[in-house]
Amino acid sequence: MEANLDNHGFSGLATDLYQLTMAAAYHANGRDERASFELFTRKLPEGRSYLIAAGLDQALDYLRRVSFSADEVEYLRGLPAFSHVSSEFFDYLRGFRFTGDVWAMPEGTVAFAGERLLRVTAPLTEAQVVETYLLWTVNFQTLIATKAARIVEAAQGRGIVEFGTRRAHGFGAAVYAARSAFIGGCVGTSNVEAGRVFGLPVYGTAAHSFTMAFDREIDAFRAYFKVFPESSTLLLDTYDTIEAARLATEFGPELRGVRLDSGDLLELSKRVRAILDDAGMRRTKIFASGDLNEYKIAELIAAGATIDL
């Protein structure tokens, strides 16, 4: 798998200011002995007993390629915080490369409080400068992978598709979140760029806007099925979910699936399943979406919801 989306993230400026002020102070005082930095969590929140390690691929790629351009060094030289820093430090930054060693848990490993997810041993200045990048990379992806694993566990073997791009804090975060969710056990993602970059399976249905673009709901269903006869999943809850399920029976057992996105998912899934089964569509899957989490999914399954993904 390719590790990063572009080269911007390999800048030495992808860090916090205090990492660089400490680096300057280390350099001025001749402190460049090797040191070890370790990434771990002291304790986990109540009700959460494990983590799923993720983000290592991007962390290693950054360490292999991190550097400071001439423009970046000049930017730092102009900051008031560096007004008393010697020119030798800026010369050092121009040639900066990471030369240390890394030990880490493989991605997808279950980790517990107090366990080291990653350890860097390097000259003190190098280890300090890269700390911020390693923290955000491993923290963020581990967070998403762990949440995904909790949801997958709650689903008890039913597939979970990651569909979080529209709520992510930027598209880059969305792509890495998709990757992390896959590590956590999701069967795929809606994010097409994540599919391209990381080779992930991509999934999609149709939105309410597609149904509303046609005069009649059945016309929308027919238009979509015409183009995607082998992979159509029809969204049922734009108007009347039960009536839409009845309309969907027109397409017979070749219809891949239907999606429920609102309302009482427990009751609706049972009624829709009965409609599909009565039409000989036992292989047609029921997708559920809409503000779901591990707790809601567990409740739905315990109550007998007939949801497949």
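Being a predicted model, the structure only gives us computed values, none of them experimental.
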Residues at least two apart in sequence or cross-chain that pass side-chain contact (heavy atoms from CB on, under 4.5 Å) with D91, listed by chain then number, are R94
Open item on the list: Between E72 and S11, do the side chains contain a donor N or O and an acceptor N or O under 3.5 Å apart?
Closed with: yes
Contacts satisfying salt bridge (charged side-chain N to carboxylate O under 4.0 Å, His left out) that involve residues 300-309 (not counting sequence neighbours) are R273-D308
Applying side-chain contact (heavy atoms from CB on, under 4.5 Å) to L309 and not counting sequence neighbours gives K285, F287
For residues 43-53, run the donor-acceptor check on the side chains, cut-off 3.5 Å, and write out each pair with its distance to 0.1 Å, sequence neighbours left out.
{"residue": "Y50", "atom": "OH", "partner": "E153", "partner atom": "OE1", "Å": "3.3"}

Contacts of E217 meeting salt bridge (charged side-chain N to carboxylate O under 4.0 Å, His left out) (sequence neighbours excluded), chain-then-number -> none
Sorted by chain and residue number, the salt bridge (charged side-chain N to carboxylate O under 4.0 Å, His left out) partners of R42 (sequence neighbours excluded) come out as none
Review point. Mind checking whether Y176 and F140 have ring centres under 6.0 Å apart?
Key: no
Residues at least two apart in sequence or cross-chain that pass side-chain contact (heavy atoms from CB on, under 4.5 Å) with A248, listed by chain then number, are L234, L236, L255, V258
The complete set of side-chain hydrogen bond (donor to acceptor under 3.5 Å, both in side chains) pairs with one or both residues in residues 20-31, sequence neighbours excluded, reads Y26-Q128, R31-E33
Sorted by chain and residue number, the side-chain hydrogen bond (donor to acceptor under 3.5 Å, both in side chains) partners of E126 (sequence neighbours excluded) come out as T99
For T121, the side-chain contact (heavy atoms from CB on, under 4.5 Å) test, sequence neighbours excluded, returns R34, S36, W103, R119
Sequence neighbours excluded, the answer for ring-ring contact (aromatic ring centres under 6.0 Å, His included) partners of F37 is none
Hits for salt bridge (charged side-chain N to carboxylate O under 4.0 Å, His left out) against D215, two or more places apart or cross-chain, chain-then-number order -> none
| How about F225 and F221: are their ring centroids closer than 6.0 Å? | no
